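Quantities reported herein were computed from a predicted structural model and do not represent experimental measurements. In what follows, every chain begins at residue 1, and chains take the letters A, B, ... in the order their sequences are listed.
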2 protein chains.
Amino acid sequence: MNDKTTIYDIAEKLSISAATVSRALNGSTKISSKTRELVLQMAENMNYEQNKVALALKSGRSKNVGVIVPHINRSFFSNVIRGIEEELSLSGYRVIICQSYDNAEKEMESLNALLNAQVDGVLMSISDLTSDLDFLLSKTIRKGVPLIFFDRKKDINGVSTVTINDFEGGYQATQHLINEGCKRIAHLRGAKSLQIYNDRCRGYKQALIDNGLEVNDEYVLETKSKIEAGTEAIKQLMKLPNPPDAVFSSSDFVALGVIKELKNLGIKIPENFCVAGFGNDPFTEFMEMPISSVDQFPLEMGKIAARVFLEQIDSPGEIKIEKKVVLSPKLHIRKSSSKKP
Amino acid sequence: MNDKTTIYDIAEKLSISAATVSRALNGSTKISSKTRELVLQMAENMNYEQNKVALALKSGRSKNVGVIVPHINRSFFSNVIRGIEEELSLSGYRVIICQSYDNAEKEMESLNALLNAQVDGVLMSISDLTSDLDFLLSKTIRKGVPLIFFDRKKDINGVSTVTINDFEGGYQATQHLINEGCKRIAHLRGAKSLQIYNDRCRGYKQALIDNGLEVNDEYVLETKSKIEAGTEAIKQLMKLPNPPDAVFSSSDFVALGVIKELKNLGIKIPENFCVAGFGNDPFTEFMEMPISSVDQFPLEMGKIAARVFLEQIDSPGEIKIEKKVVLSPKLHIRKSSSKKP
DNA sequence: AAATTTAGTGTTATCGATTGCACTTATTTT
DNA sequence: AAAATAAGTGCAATCGATAACACTAAATTT
């Protein structure tokens, strides 16, 4: 009933040593072609399959990499993971996924579990909360396990990062709204503890400044990435004495909430109000009111993160230079912000 | 620089044997409390962490499970995976994901890779194409590796399954359309090689029959699960001498395509045409024209599949009875099919 | 007090694959 | 033909943790 054949079984059947079997299977040159043939034949017959766990113990490489994301059931993250898996499976790596649920403690637990499981590398997008991951992260680096941040990064020595230029994304979206003739552009941003949101916000402000528009702090609100947060935020903004005529949101879901509520209020989009989101979530494209949004190229981001990992793992020397890859975002202009025909 | 402490290192420092260290760390009763304290203290000091690969080799259990899905970046699958991960991480299992890309060969490769990696179980949703997985599957079963199908199953002896009652889902959706007064209900279905689509179609037909409506084969088309496939299919249907007045689609994306095209054609929804989809993809809810859809409870499906796995793995005897769990689908009625106020 | 139990620890084999070293033949060099 | 080299193979250690078994010393029973 138990099916597993080992090299010892093959060795016994052929009355040779396990070492020879191993060499034959691994194509060592130090072996006669007759023995090689015999071994390969017997391995085939006995349905031999290499036990990767034994190999991992011996070699110190498990051929597993860990990926930690806040939630896998979000379009952005599942696409990044897809990219990672697509790329790494080609090199024989398997991808172990962990969810942090935007919880720093869970995140540390996951990282720890992955390291104990002897993963060959960790690719992660850090959680929403500022936390003291540093100890664990530096341990990871010390262990020589390549660590790569994607999207949500932290600037740490020895850690490679793959991100998009969030500043540019924020700038592009805002510049576009200005080009459409909007004068009072609000910004709905994510948590201050994450660089990406700070960068997008900086881009937004810079675009305003570069175009001679006033930066009004009343126009900048922090929201969660949820539809309801968008409806709440826009309600609040529209109560201002001088309400905005456009919103640039760091989240597509928030942008959607904004649009829903504006419809409720009877405000015409895009004629009297323009909206742009961030993330280019698939739904932004196929809504009846397609939403302009900044593409983060999650699939590509995943693939590049995977390639950075492969480079690190293949680098012969112990001195690993971290790599910082920054992708250019691309604004997709859609109806929600297209006043011009 | 190399950080890894083993039980041998601890043993040496304390001038005791590695076996004692192991026992102390594992809370064996056969150990004096002084030694236990000493070991735990030293382990703490030396940042000891158990090497799970060594443990896996010794124990024969890797504490890894494999999950194979067609694509992880699809709402349904990423939610199932989320459920699986959420549940299994509680028991210390890690989840390795593989994508089959609806390709039978890739699927077999993945399954094979997972088995070589000594996973303790495999949870999968089989690929679109009929294929000869049977050999590999039976090998898996013979090896005693629990195998669980979710959603897209194949009836195989010894394999547990977690599915929804697709027949009922199809029936419910169709019955609802009938209740709304639709008389000529078309059905856009997925590949014939998958049971789920056959079952949904059977439910559709049974509902028609039970309500004394004619089953018209011209009204049943096979489509891919894409927006464009929906627009194409509805174009074709509307050219019929006696075009339908409702569509039940096995895919939300197809339903969306149908709605888009009907708008194009100037047909009023839901007044003159009703549409229902399947999957309850998040977007169905927040469209301007929210789409009625059958919920498959992917998160729950994942969690249950995980629990079935845990039951199997914990069953002491070798005789594992397969479990067949069937969830009840739930139709969410939305604007796209609500003629009544 | 002698005999027996038991608590606590060490020795050693094991899981499966790889590899440096040693060893035997066969082959080539001088 | 003797010496040196090369080819092919086996032995044994290794990766890190566990556990069956053996053993010692203390505690308990008679």
Would you indicate what B:I31 reaches in the nucleic acid, counting non-hydrogen atoms under 4.0 angstrom: base, sugar-phosphate, or nothing? sugar-phosphate
Is the distance from OP1 or OP2 of C:dT18 to the nearest side-chain N or O of A:S22 less than 4.0 Å? yes
Any chance CD of A:E311 has more than 12 other-residue heavy atoms, nucleotides or ligands included, within less than 6.0 Å? yes
Nearest-angstrom distance from the residue atom CD1 of B:I7 to P of D:dC15: 12 Å
Rounded to whole angstroms, how far apart are NZ on B:K58 and P on D:dA19? 6 Å
Nearest whole Å is fine: how far is C:dT18 C1' from A:K52 NZ? 14 Å
Please classify the nucleic acid contact of B:T6 as base, sugar-phosphate, or nothing, using heavy-atom distances under 4.0 Å. sugar-phosphate
Quick one: A:E12 CD to D:dG10 P, roughly how many Å, whole number? 13 Å
Sort and list the pairs that fulfil salt bridge (charged side-chain N to carboxylate O under 4.0 Å, His left out) and have at least one residue in residues 32-45 of chain B, not counting sequence neighbours. none
Under 3.5 Å between N/O atoms: give me all the protein pairs with nucleotides 24-28 of chain C, atom names plus distance.
none

Whole angstrom value for the distance that separates C1' of C:dT18 from CD1 of A:I10: 15 Å
Any side-chain heavy atom of A:V67 within less than 4.5 Å of one from A:V122? no
The residue, A:S33 or A:A19, whose nearest nucleotide of DNA chain D is more 5′ is A:S33
Please identify each residue that fulfils side chain to side chain donor-acceptor pair (under 3.5 Å) with B:E12, with sequence neighbours left out. none
I'd like to check the ring pair (Phe, Tyr, Trp, His ring centres under 6.0 Å) partners of B:F309; sequence neighbours left out, ordered by chain and number. B:Y93
Which pairs would a plain distance check flag for residues 114-121 of chain B, meaning a side-chain donor or acceptor within less than 3.5 Å of a matching protein atom at least two apart in sequence or in another chain?
unit_1: B:N116; atom_1: ND2; unit_2: A:E49; atom_2: OE1; d: 3.3
unit_1: B:D120; atom_1: OD1; unit_2: B:S62; atom_2: N; d: 3.0
unit_1: B:D120; atom_1: OD2; unit_2: B:S62; atom_2: N; d: 3.3
unit_1: B:D120; atom_1: OD2; unit_2: B:K63; atom_2: N; d: 2.7

Contacts of B:L57 and B:T35 projected onto DNA chain C by closest heavy atom; the upstream (5') one is B:T35
Using the side-chain heavy atoms of B:I16, tell me which of these nucleotides is nearest: D:dT18, C:dA17, C:dG10. C:dG10
In whole angstroms, how far is the P atom of C:dT19 from the CG atom of A:N26? 7 Å
Looking at A:A18, is its backbone amide N or carbonyl O close enough to the side chain of A:S22 to form a donor-acceptor pair, meaning the two atoms are under 3.5 Å apart? no
For the side chain of B:R23 and the base of C:dG10, is some donor closer than 3.5 Å to an acceptor across the two? yes
Between B:Q99 and B:N73, do the side chains contain an N or O donor and an N or O acceptor separated by less than 3.5 Å? no
Between A:E49 (CD) and C:dG16 (C1'), how many Å, whole number? 14 Å
Between A:V21 and A:Y8, whichever has its closest DNA chain D nucleotide further toward 5' is A:V21
Whether the side chain of A:K154 engages the backbone of A:F149 through a donor-acceptor N/O pair (distance < 3.5 Å, no angle test) should be reported. no
Dot-bracket pairing map - DNA chain C, Watson-Crick plus G-U, both contacts under 3.5 Å, | cross-strand: ||||||||||||||||||||||||||||||
Between A:E107 and A:S127: side-chain donor-acceptor atoms closer than 3.5 Å: yes
B:D9 atom CG is separated from D:dC15 atom P, nearest whole Å, by 10 Å
Tell me whether the side-chain N/O atoms of A:T20 come closer than 4.0 Å to OP1 or OP2 in D:dG10. yes
Under 4.0 Å, counting only non-hydrogen atoms across every strand here, what does A:S59 touch: a base, just sugar-phosphate, or nothing? nothing
